[in-house]
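Throughout, a chain's letter reflects where its sequence line sits, starting with A, and its residues are numbered from 1.
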Amino acid sequence: MLITHEKWPRTAEEAEAEQGRLAGLVDVSTPLGPVRYIAGLDVAYAIDSSRVAGAVVVLDADTLAVEDMATAVMDVEFPYVPGLLAFREMPALISALARLTVEPDVLVADGYGIAHPRRFGLACHLGVLAGKPAMGVAKTAFVGRSAEPGIQRGEAADLVHDGQVVGAVLRTQLSTKPVYVSPGHLITVGDATRMALRLAAKYRLPETTRFADQLSRRALAAA
DNA sequence: GCGACAG
DNA sequence: ATCTTGTCGC
């Protein structure tokens, strides 16, 4: 899966302007079609944040068995700024995606989609540049408010921001802290929520995230 | 103006 | 994000 990205922003101002332009291309009203391969993406940082390891794992949609995986280690060139996470993590993720052999049908990122200050979180950025369905599952709150979802697995509450439903706060396991789901591109809030629940059949976090997380750490340690 | 703030 | 395995508790 090749993604070309010319002129990557170097300053926060340029980055925000870029998000403003690309945000208009996001589509979160098209239902997710048939899915055979699901990609999970995550990034690991060196203790001094000088280097970053991007990892992507591809799972079979039915069995959740690992079908493919790839990593990419490089120097970090953008600081961590809430709202601009994509500019820090995408270079490594794009590089890893280029090394895949199996073409995924949907990308599951560690972070947010449209539940973002400018409606353009990491999952949106990945989806738009890849031209594929993408969604995000985050572990902690960022933007938006919601009611507390019930304690049963599968219970969810709308994540609302600026009067719009931008995602869902989903309980993936009984009595565990909920996760934050939001669509990134070519997928709806409902489809993203169902996908997240299905991927988190056994643990609080989706299998995609768990696999990609450990893969990125191993790649960093081995580099 | 003051805090909060994905990873 | 990162330092970190087993262990106490529901």
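Among pairs with a residue in residues 91-117 of chain A, those fulfilling ring pair (Phe, Tyr, Trp, His ring centres under 6.0 Å) read A:Tyr112-A:Phe142, at least two apart in sequence or across chains.
Residue contacts shown for A:Arg217 are limited to sugar-phosphate atoms, with no base heavy atom under 4.0 Å away.
Between A:Phe87 and A:Phe78, the ring planes are tilted. Angles from 30° to 60° get that label.
Looking at A:Asp213 and A:Arg210, no side-chain N of the basic residue comes within less than 4.0 Å of a carboxylate O on the acidic one, giving no salt bridge. A salt bridge does not link A:Glu103 with A:Arg36: every distance from a Lys NZ or Arg NE/NH1/NH2 to an Asp or Glu carboxylate oxygen is 4.0 Å or more.
Atom CZ of A:Arg51 sits in a sparse spot, with 12 or fewer heavy atoms from other residues, nucleotides or ligands closer than 6.0 Å.
Between the side chain of A:Asp105 and the main chain of A:Tyr37, a donor-acceptor pair closer than 3.5 Å is present. For the pair A:Glu89 (side chain) and A:Leu122 (backbone), a donor-acceptor distance under 3.5 Å is absent. Distance alone, capped at 3.5 Å, places no donor-acceptor pair between the A:His185 side chain and the A:Pro133 backbone. Remark: side-chain polar atoms of A:Arg171 are paired, donor with acceptor, to backbone N or O of A:Gly150 under 3.5 angstrom.
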### Summary
DNA chain B in dot-bracket form (Watson-Crick or G-U pairs under 3.5 Å, [ ] crossing, | inter-strand) is .......

### Message
How would you summarise protein contacts on nucleotides 1-7 of chain B per nucleotide, using B for base, S for sugar-phosphate only and - for none, with heavy-atom distances below 4.0 Å?
### Response
----BBB

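Within residues 157-190 of chain A, no residue has a heavy atom under 4.0 Å from DNA chain B.
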### Query
After noting the C-alpha distance and the side-chain angles of A:Val160 and A:Arg145, does the key distance pass the side-chain contact (heavy atoms from CB on, under 4.5 Å) rule?
CA-CA 5 Å; A:Val160 181; A:Arg145 294 205 326 168; 5.7 Å; no

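Pairing analysis of DNA chain C (Watson-Crick: purine N1 to pyrimidine N3 plus N6-O4 or O6-N4; G-U wobble: N1-O2 and O6-N3; both under 3.5 Å) yields no stem of 3 or more pairs.
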Please produce a list of atom pairs where a protein N or O lies less than 3.5 Å from an N or O of nucleotides 5-10 of chain C.
none

